[in-house]
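Each chain gets a letter, A, B and so on, in the order its sequence line appears, and its residues count up from 1.
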There are 2 protein chains.
Amino acid sequence: MTTSTAEDEWREDCAPRRVLDLFATKWTSMILHTLDARHDGAARTGVLQRSLPGISKKMLTQTLRDMEASGFVSRHARGTIPPAVEYRLTPLGQRFVEPVELLYGWGRDNADALDQMGARPTARRRG
Amino acid sequence: MTTSTAEDEWREDCAPRRVLDLFATKWTSMILHTLDARHDGAARTGVLQRSLPGISKKMLTQTLRDMEASGFVSRHARGTIPPAVEYRLTPLGQRFVEPVELLYGWGRDNADALDQMGARPTARRRG
DNA sequence: CTGGATCCATTGGGATACTG
DNA sequence: CAGTATCCCAATGGATCCAG
């Protein structure tokens, strides 16, 4: 059985942890989902911001830039005035949406269990 | 198609976002995975710490406590000296491991794509 | 061996004002 | 409308020392 406790796969740079890093910036997956929810997998900045109550303009732009650099979305600017910028899921982004949606689906299916714990991070006690 | 852009499901307290919160404390899913990787879904503190290179004793205990409060693991202490504490996946924990493993699996399947982006959060530029 | 308590550096991320 | 630049706070989480 090779003692396959998977002791070897948890270095900082292993693939699974790289995926976790994608959730470190909390808006990443939600942006992907929002884009995915649109028929053409694309949306303009304003639409995204309105679809994600609570996100600040700063975090929206910043997250989008990071996602672009990571290859999850592509940016399409129309050189018009006023500006009209559209973000679109890349093939990689589309692939990643699948496990993300699965995760969200799990949440809906287990909403009651999630409700029983507070609204904190994991159950973070404050102070 | 009801224009199901899902504009309504993104309040702070919606189920999907509750799930995301589970990843806010970065060790949660890794602890779950480590427990799941063991034949009996249980492990002692020392084993967990050794299986998760980089985790500090503080974060290990703290995360475990939060996970216990959230109902993902159960704590079993033997009143011996020295202490022997064992953590075990609860049914809820076992259920949650599934989507988590799927996510990790995605990472392995797309390791090359993940490699192309830096090792930063999403692609965080420092400074 | 397990875990609690501090101290503290880092940084995610919000508010706001400004530029094209 | 889209994006940048500061300012600033809260909280993650590492290092240590202490206690059953």
Query - Check: B:His76 ring centroid to B:Tyr87 ring centroid under 6.0 Å - result: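 Between B:His76 and B:Tyr87, the centre distance exceeds or equals 6.0 Å.
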For the pair made of [atom1] in [X] and [atom2] in [N], what is the distance, rounded to whole Å?
| X | N | atom1 | atom2 | value |
| --- | --- | --- | --- | --- |
| A:Met59 | C:dG12 | CE | C1' | 6 Å |
| A:Lys57 | D:dC1 | NZ | P | 8 Å |
| A:Asp66 | C:dG13 | CG | C1' | 12 Å |
| A:Phe23 | C:dG12 | CZ | P | 17 Å |
| A:Asp21 | C:dG12 | CG | C1' | 14 Å |
| B:Leu60 | C:dT2 | CG | C1' | 10 Å |
| A:Glu68 | D:dA2 | CD | C1' | 13 Å |
| A:Trp27 | C:dT11 | CH2 | P | 21 Å |

Query raised in the report: Quick one: are B:Leu64 and B:Leu48 in side-chain contact, heavy atoms under 4.5 Å?
Result: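 A side-chain contact under 4.5 Å exists here.
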Query raised in the report: Going from CZ on B:Arg17 to CG on A:Leu52, what distance comes out if it is rounded to the nearest 0.5 angstrom?
Result: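 CG of A:Leu52 is found 7.5 Å from CZ of B:Arg17.
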Report task. Give, for atom OG1 of A:Thr45 and atom CD of A:Glu86, the distance between the pair rounded to the nearest 0.5 Å. Result ->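 Going from OG1 on A:Thr45 over to CD on A:Glu86, the span is 9.5 Å.
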Nearest listed nucleotide, side chain of [X], among [options]:
| X | options | answer |
| --- | --- | --- |
| A:Lys58 | D:dG3, C:dG13, C:dT2 | C:dG13 |
| B:Arg75 | C:dG13, C:dT2, D:dA2 | C:dT2 |
| B:Tyr87 | C:dT2, C:dG4, C:dG3 | C:dG3 |
| B:Arg44 | D:dG14, C:dG14, C:dT2 | C:dT2 |
| A:Pro82 | C:dG3, C:dG14, D:dC1 | D:dC1 |
| A:Pro83 | D:dG3, C:dG3, D:dC1 | D:dC1 |

Query raised in the report: Backbone N or O of B:Met59 within a donor-acceptor pair of the B:Ser56 side chain at under 3.5 Å?
Result: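 Yes: the side chain of B:Ser56 pairs with the backbone of B:Met59.
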Requested in this report: Give one of base, sugar-phosphate or nothing for B:Lys26, where a contact means two heavy atoms less than 4.0 Å apart.
Outcome: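 Here B:Lys26 touches the backbone only, sparing every base.
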Query raised in the report: Taking only N and O in the side chain of B:Thr45, is any of them less than 4.0 Å away from OP1 or OP2 of C:dG3?
Result: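 Checking C:dG3 against B:Thr45, a side-chain N or O does come within under 4.0 Å of OP1 or OP2.
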Query raised in the report: Between B:Arg65 and C:dG4, does any side-chain N or O lie under 4.0 Å from OP1 or OP2?
Result: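 Yes.
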